[in-house]
Amino acid sequence: MARLNRETLVDWYRQMVLTREFEETCYQLYTEKRITGVYLHLYSGQEALGTGAIANMEIGKDHIITAYRDHGIALCLGMDPKNIMAEMMGRVDGSSGGKGGSMHLASRKHNFWGGYAIVGGHLPLAAGIALEAQYNETGAFVISFVGDGASNNGYFHESLNLAGVWDLPVIWIIVNNGFGMGTATDRAAGNVNLHERAIGYGIKDMGRVDGQDILAVYEKVNEAAQHVWSGKGSVLIEAITYRYRGHGVSDKQYDSAFAEELAEWKENKDPIVLFRRHLEDKYKDISGELDDIVAEQKKIVEEAVEFAENSPFPDTEEQLYANVYVE
Amino acid sequence: MAARNLPMREALRLALLEEMHRDERVFVMGEEVGVWQGTHRVTRGFIEEFGEKRVRDTPISEMVIGGAAVGAAMAGLRPVAEFMTINFAFLALDALINHAAKIHYMFDGMFTVPAVFRAATGWGDQATATHSHMPEPIFAHFPGMYVCSPSNSADAYGMLKASIRDDNPILFTESIGLYSHPGPMPEDESGDYVLPIGKGNVVQEGTDVSIFTYARGVEWAKRAARTLSEDGVSVEIVDLRWLRPLDTDIIFESFRKTNRAVIVEESLPMYSFGSELAAQIQEHCFDYMDAPIKRVSAADVPLPYSKYLELMALPDADKVVAAVKEII
Ligand SMILES: Cc1ncc(C[n+]2csc(CCOP(=O)(O)OP(=O)(O)O)c2C)c(N)n1
Ligand SMILES: [Mg+2]
């Protein structure tokens with residue numbers, strides 16, 4: 001378990017700033033057509049969730065899996081922003097060789113089993129990965145993020161039920177950002193207290209957590225990890241958060257209806273602003289250090305863009321057919 | 001008076017709108033069809049016009065979208081269920097294949113399933129492996145459900161009306177790449193322009209080679225035909241429109257005239273539209289064959305994200321030209 005000393009907290013701040021900077025740069029690059037395609041779902045606004053949850057992982061031992069809104073997860077795990085950016089641009093140096101793109105980041109080294117684009121599709125995979133941990137008694141757990149929207153399809157119900165029956169070591173975290181595309185949570189769920197679904201599957205209902213408060217997220221997931229380690233099986237957490245850049249960059253039209261709501265979140269519940277305030281209260285001399293961190297992350301992202309744009313596109317038959325099967 | 005031009009999405013919208021006005025039992029359900037105005041804008045304005053009773057936003061739950069449409073149809077409604085894209089209809093395969101396509105037969109005609117399952121289909125724009133399919137042949141494999149995909153606005157309009165009025169379950173797919181394509185609408189503005197189910201269309205007559213295709217393939221075929229005509233090759237283009245029922249008459253008649261065939265499909269090559277047509281042609285027109293039948297399909301890979309790899313993997317007009325030249 002990470003100790004919450006100054007160094008740790010500052011590193012969390014760094015991760016969140018890196019993610020925000022990376023995401024906002026992606027947005028810009030997309031408008032300039034330097035990142036192409038139709039799908040780009042940004043993590044801006046949700047940084048505290050990824051960072052605070054991942055802070056509980058022993059990287060390389062514990063496991064993590066998520067949906068397509070995956071950049072923030074990859075960055076917090078410590079994947080190189082250069083390879084992530086190259087993946088956004090479909091280059092050979094991308095983390096998936098340019099074959100996966102924005103929605104399909106992954107890293108074997110980090111036990112990051114990938115971002116998945118079929119809503120709910122990764123949830124049974126999480127159960128299977130947890131089965132391996134249980135089977136081989138590795139002592140590892142799996143963090144599986146679940147969209148609020150994703151919590152309504154069969155994949156969710158079957159996966160959590162199986163996790164309940166087999167006591168699989170999964171920390172299921174519902175990322176309730178208020179919407180699945182344009183559908184508000186309460187128009188899609190019969191019971192909007194999504195965490196209560198745990199009861200139906202016989203797994204631990206850990207209630208809600210403020211997803212904008214990194215310390216709260218960290219504590220909650222830590223408590224979850226204790227439960228899982230004790231061999232009692234899965235837990236379900238519902239984190240309340242918000243997406244700053246709408247569903248995806250090509251689905252903007254609807255979001256204008258929520259401009260006020262968005263402004264309110266940015267103004268009062270921004271995870272980075274809140275955490276910075278916390279750090280500045282706690283450590284009176286820290287502002288300069290934090291400013292330096294911001295400047296550094298900007299530079300890291302700039303370098304990632306330069307690296308990515310200098311990486312060639314895959315364009316041969318050999319590359320096209322490589323890895324359809326294990327050779 | 002010249003017929004008006006509409007993009008395919010508007011043609012579909014108009015057909016659906018008119019059918020909903022014509023028949024109270026028709027309603028739409030699916031993800032984002034209401035408040036969000038439809039992911040592809042086919043149901044734009046519908047929730048305002050018909051209200052939540054007949055324009056039903058669903059959770060992201062394809063299994064129940066498919067299955068509930070089957071049940072509602074059995075009980076007497078006429079659902080038009082939308083899958084945001086065909087890729088997500090995979091989650092409803094069981095409802096479509098084991099129930100929609102079987103129920104009428106399994107109960108020996110006792111029940112009917114007059115449901116239309118609409119889905120955006122096709123690939124391009126770097127949607128990546130799991131969002132890049134044109135899998136109509138999978139669905140057409142099973143008897144009991146019809147499967148179609150229009151290539152232009154007028155057909156989209158007439159085929160959707162036909163589908164809604166028919167008593168069979170129908171998978172109606174719509175090429176994403178065609179939604180914005182403008183095309184002339186039918187002269188018939190009575191509201192009853194209904195195309196016959198299972199009838200293909202000779203888009204262009206020719207004498208040297210037949211190109212059999214559907215949906216976006218028609219566009220590629222037309223472009224290829226223009227290029228080939230410069231070399232004096234006369235191309236006949238047949239748009240099948242329906243994968244089931246398959247218009248074998250139109251296929252055989254065309255082939256018996258040209259004696260050569262290229263089959264163009266946006267989907268994968270194995271166990272496909274192309275393999276089916278090639279098999280039928282050789283079985284029924286063997287004596288008329290002057291050359292091997294060629295197929296132009298997507299590359300046999302899960303579709304990659306990176307843009308040049310994606311372009312390499314997809315069929316296009318140049319690939320159609322090359323295939324024709326191989327057998328001419
Ligand atoms: C099975 C399936 N159905 C529909 C879609 C289209 N789709 C992509 S993301 C999305 C919304 C998901 O919302 P949520 O789970 O809340 O995640 P968020 O985008 O808010 O992170 C939808 C409907 C899909 N990708 N897969
Ligand atoms: Mg959501």
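Here is how names work: the chains are called A, B, and so on, in the same order as the sequence lines, proteins then strands, and each is numbered from 1. We use all heavy atoms of the structure for the numbers below, so side chains are in, but hydrogens, waters and symmetry mates are not.
- Between A:V324 and B:P302 the shortest side-chain heavy-atom distance falls below 4.5 Å.
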Intermediate values then yes/no, side chain to side chain contact (heavy atoms under 4.5 Å, CB included), A:T183 and B:E32 | CA-CA 7 Å; A:T183 303; B:E32 310 296 356; 3.0 Å; yes

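- Within residues 155-165 of chain A, the residues having any heavy atom less than 4.5 Å from a heavy atom of chain B are, in residue-number order, A:Y155, A:E158.
- B:E31 has its side chain out of reach of A:M181: every pair of non-hydrogen atoms, C-beta onward, lies at least 4.5 Å apart.
- Around the CD atom of A:E261, the shell of radius 6.0 Å holds more than 12 heavy atoms that belong to other residues, nucleotides or ligands.
- At a heavy-atom cut-off of under 4.5 Å, chain A is reached by B:L91 from residues 89-101 of chain B, listed in order of number.
- The shortest distance between side-chain heavy atoms of A:V119 and B:E62 does not fall below 4.5 Å.
- Within the 4.5 angstrom heavy-atom criterion, no atom of B:A129 approaches chain A.
- Here the CG atom belonging to A:D315 is positioned 11.0 Å from the CG atom belonging to B:L311, to the nearest 0.5 angstrom.
- Of the two parts of B:T128, only the side chain, counted from C-beta on, holds a non-hydrogen atom closer than 4.5 Å to a non-hydrogen atom of chain A.
- Within 6.0 Å of CD on B:E52 lie no more than 12 heavy atoms contributed by other residues, nucleotides or ligands.
- More than 12 heavy-atom neighbours from other residues, nucleotides or ligands sit within 6.0 angstrom of CZ on A:F313.
- Contact of A:T316 with chain B is made through the backbone alone, with heavy-atom distances under 4.5 Å.
- Side-chain contact check for B:V301 versus A:Y321: some heavy-atom pair is nearer than 4.5 Å.
- For A:M103, the part lying near chain B is the side chain, with the backbone staying farther off; criterion is any non-hydrogen pair under 4.5 Å.
- Not a single donor-acceptor pair under 3.5 Å links the side chain of A:Q319 to the backbone N or O of B:L309.
- For residues 84-105 of chain A, the set of pairs meeting the side-chain hydrogen bond (donor to acceptor under 3.5 Å, both in side chains) definition, not counting sequence neighbours, comprises A:H71-A:S102, A:D93-A:S311.
- Counting heavy atoms from C-beta on, the side chains of B:H131 and A:I118 come closer than 4.5 Å.
- Proximity to chain B (any heavy atom under 4.5 Å) is restricted, for A:Y39, to the side chain, taken from C-beta onward.
- Counting heavy-atom neighbours within 6.0 Å of A:E318 CD, excluding the residue itself, gives a total of 12 or less.
- Contact residues of residues 63-71 of chain B toward chain A are B:M63 (heavy-atom distance under 4.5 Å).
- Judged purely by atom type and a 3.5 angstrom limit, B:Y305 has no side-chain atom pairing as donor or acceptor with the backbone of A:G37.
- Chosen from A:G149, A:G100, A:G180, the residue pairing most often with chain B at heavy-atom distances under 4.5 Å is A:G100.
- Heavy atoms only, all atoms of each residue included: B:S61 and A:N152 are closest at OG-O, 2.8 Å.
- With a 6.0 Å radius and a threshold of 12 heavy atoms from other residues, nucleotides or ligands, A:N193 has its CG atom above the threshold.
- Taking each heavy atom of A:L320 and B:P304 in turn, the nearest pair found is CD1-CG, 3.8 Å.
- Minimum heavy-atom separation, A:A188 to B:P59: O-CG, 3.4 Å.
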